[in-house]
Each structure stands twice: as C-alpha cells, then as structure tokens.
Amino acid sequence: MMQALESFLNYLAAEKRYSALTVRAYGDDIRQFMRFCLSTGKKISSRIDDPTPNADAAEKDSVERFDPALIETNDLRAWIMSLTGDEHRRATTVNRKISAVKSFYRYLRAKGIVEGDPFLKVSTLRTPKRLPSFVEQSRMKRLTASLLQPSDDFEIERDALVILLFYATGIRLAELRDIRMSDFSDHFTRLKVKGKGDKERVVPVIAPVAAKIAAYLQLIREQNICKSDINLLFLTNEGKQISRSEIYRIVHRILRAAGVQGKSSPHVLRHTFATHLLDAGVDIRTIQELLGHSSLGATQVYTHNSIEQLKRVYNQAHPRAKKSNEED
C-alpha cells in the first residue's frame, strides 16, 4: 500500500499539477485516515504482523498494513464523526480530508486495487456560506496613495510593492512569491503568471504600479541587494527569495496599520481586487480570467459582495428605505 500511496501522490504532482503543499496535505490526510482505521483493529492486512522498531518504521508499517478493500461505509462515517468531534476543526477542513481520501479511492479503483466504492452513501458536511472579506474602496484608495510615495529604503519599497501588486493584479500568494523579472513585458505593463496546475495567464499592470516596479528594481541595483544571478522579483536584504510567511506578515502588518479589521491576509487583497472590479462594472468572465479561476462558479461569489454593498448604499441613500427604517 505504501507504493500505491506514493504512486497516487506522484500522480497528483505530475499529472494533476497540484502544488507541493496540496500534495503534502493529501498525503497527510490519507495517512491520518489509515491510522484511524487501523486503530479500530479491523482493517489490518494479514500480510504483515511483525512489530516495528521505531517511529519512522511504524509510520511506514501502518501504511503497509492498511487494506483499502476492507473499508466499508460505516468505517468512513466513524472516521468523519471522529473528525467532527474536534470543536476547533471547521467543516471545510473535514471536507478537504474527505475529498483527499475519496480521490485516493478513485485512483485505487482505476488501478484495479479495489472494486467497490465505500463513498457512495457518504456526503460532505454542510458549510455556512461566507462572503469573501475585502477592504472597502475608500480605505484602499488612501492606502495605495501612501504606498505609491517613493522611498530610498529597500524594505519599505518592497513591502509597498507587495501590497500594490496584490491589489492591482489579484494574484495569489504563491504566484507573487515566484514572480521573476522575465515574467514582465517591456515597461512592466503586463505580467505573465503561472497559476494552479501550471496554467499561465497574463494580467495587466496599471501605470503607477509599473513605475513603482521600475523604481524598486533601480533601488536593488543601487544598493547591491541582489549579489547573484537570481531572477526573482521579491528578495530579502540578503538577496534571497522572500518566504511565504514573510509576505503574509508584510500584508498583515500594513493592512492592520491602515485600520483594516478582521482578516488581513494576501487573499483578502485578492478578494478586494475582484470585488472592486465587479463594482466598477467589469464583466465577471473577465474577472474570472484575471483571477485564473477554472470555473465561473468560483468567481460568482463576488457578486454577492456587490449585492450586499448595493443594499447598504440603497438603505443609506434611498428616501423610502430611510423612512421604512425610521418606522421600524
């Protein structure tokens, strides 16, 4: 079974083009499911009975001892119940784990390793519909105006550009971290982005942000930040690629300083980008293409944000709405 699991994870990486983080999460979820089933004492293959000498061998052995053909629907339900017993685990997390194991079983059936489908009568958990968090336009206008001010401090310029590019292009954290200078067109007016599944798209870069990129690169040259042939845009003071966690901290710090309440992450800026475009009348299919969404359904969630915004404006401005609220 170890070989089957490794083959499945390689399939996700090589053929499905899942990111390394996603592949690792799938592996962790599947192994967690195996350990749970083995803990019941019913799903152990009779092929291996020897005790294991250490933790690493025990982990490997737990995978080998797992027999997927013995799993029944009730076992899946018991596992899901154990997951939902954790008050701090969200329904979306549980559904991700179910999806991982379900995908693994689909792969095993395709390879002829199992015949039945224990997931036929298993449903995912209902999740509450939550509107994407975003920053209101007035606050973003003030923030971007301040960030566009020039500075001769490398970190200040870099951090400002992180926020500006997130908001101007709607790209994901991983996409921003991997930007190379060669991904830009002449004068930095277009950016080639490699998204999920290695799908490429081109997004426009507005003139003020393009000018900011040029100034930032000039600062790197003047201060000799990049001492090697590295082609990446976002660097540390030592000229190395910036980490995901550092990008997250930059966004969190700047949005908090700007008075943003609630979530303050790179994805909030992606949501803000999409919501503000929709409010400005941009066609939803254009927004889908800019975001790199494979389906329109993933983009349509932003229409709800605009509707809620419309309701607020209506209730604040319309005379009949005001009168109705006063009467209530």
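Rounding to the nearest 0.5 Å places CG of Leu83 at 6.5 Å from NZ of Lys97. Atom CD in Gln241 sits 5.5 Å away from atom CG in Asp178 (nearest 0.5 Å). In this structure, CD in Gln149 is found 10.5 Å from OG1 in Thr144, a value given to the nearest 0.5 Å. For the atom pair CZ (Phe188) and CG (Leu233), the distance works out to 8.5 Å, reported to the nearest 0.5 Å. A distance of 5.0 Å separates CZ of Phe33 from CG of Leu76, quoted to the nearest 0.5 Å. Rounding to the nearest 0.5 angstrom, the gap separating the CG atom in Leu269 from the CD1 atom in Ile254 is 9.5 Å.
Linking Ile, Leu, Val, Met, Phe, Trp and Tyr whenever their side-chain heavy atoms come within less than 4.5 Å leaves Ile213 and Val202 in two separate clusters. No single ILVMFWY cluster, assembled from side-chain heavy atoms under 4.5 Å apart, contains both Ile163 and Ile156.
Crowding of Arg285 atom CZ: a count of heavy atoms from other residues, nucleotides or ligands under 6.0 Å not exceeding 12. Residue Gln3 qualifies as open at atom CD: its count of foreign heavy atoms under 6.0 Å is 12 or below. By the neighbour-count criterion of 12 heavy atoms within 6.0 Å, atom CZ of Arg109 is densely surrounded, having more than that number from other residues, nucleotides or ligands. The number of heavy-atom neighbours closer than 6.0 Å to CD of Glu222, taken from other residues, nucleotides and ligands shown, is above 12.
Side-chain contact annotation: Ser138 with Glu136, donor-acceptor N/O pair under 3.5 Å absent. Judged purely by distance below 3.5 Å, without hydrogens or angles, the side chains of Gln223 and Asp152 never pair a donor atom with an acceptor atom. Between the side chains of Arg221 and Gln218, a donor-acceptor pair is found at a separation under 3.5 Å.
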Residues Ile250, Arg158; criterion side chain to side chain contact (heavy atoms under 4.5 Å, CB included); working and verdict
CA-CA 10 Å; Ile250 289 169; Arg158 179 200 64 192; 3.9 Å; yes
Criterion side chain to side chain contact (heavy atoms under 4.5 Å, CB included) on Leu5 and Phe66, from CA distance to verdict:
CA-CA 11 Å; Leu5 177 57; Phe66 176 78; over 6 Å; no
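Side chain of Lys212 to backbone of Leu147: a donor-acceptor contact under 3.5 angstrom is found. Using modelled atom types, no side-chain atom of Thr275 and backbone atom of Thr272 make a donor-acceptor pair closer than 3.5 Å. Remark: side-chain polar atoms of Arg77 are paired, donor with acceptor, to backbone N or O of Lys121 under 3.5 angstrom. Checked by atom type and distance alone, the side chain of Ser103 pairs as donor or acceptor with a backbone atom of Ser99 at under 3.5 Å. Counting only distance, with no hydrogens or angles, the side chain of Ser185 and the backbone of Arg190 share a donor-acceptor pair below 3.5 Å. For Thr73 (side chain) and Pro118 (main-chain N/O), a donor-acceptor pair under 3.5 Å exists by modelled atom type. Between the side chain of Glu155 and the backbone N or O of Asn237 there is no donor-acceptor pair closer than 3.5 Å. The backbone N or O of Phe36 lies less than 3.5 Å from a partner atom in the side chain of Ser39, making a donor-acceptor pair.
Contact annotation: the side chain of Lys111 never approaches that of Tyr11 to less than 4.5 Å [non-hydrogen atoms, C-beta and beyond]. For the pair Val135/Leu143, no side-chain contact is recorded, criterion being any heavy-atom separation below 4.5 Å from C-beta on. Glu175 places none of its side-chain heavy atoms less than 4.5 Å from the side chain of Val203. Contact check for Leu161 versus Val209: side-chain heavy atoms found under the 4.5 Å cut-off.
Residue Leu291 comes nearest to Arg270 through the heavy atom pair O-NH2, 2.9 Å, listed as atom of the first residue, atom of the second, then distance. Smallest separation of non-hydrogen atoms from Ile171 and Phe166: O-CD2, 3.4 Å.
Between Phe154 and Tyr216, the two ring planes are parallel [angle under 30°; tilted spans 30° to 60°]. Ring geometry for His271 versus His267: interplanar angle over 60°, hence perpendicular rather than tilted (30 to 60°). Between His276 and Phe134, the ring planes lie perpendicular to each other; the angle is over 60°, past the 30° to 60° tilted range.
For Tyr26, the ring-ring contact (aromatic ring centres under 6.0 Å, His included) criterion is met by Tyr18, not counting sequence neighbours.
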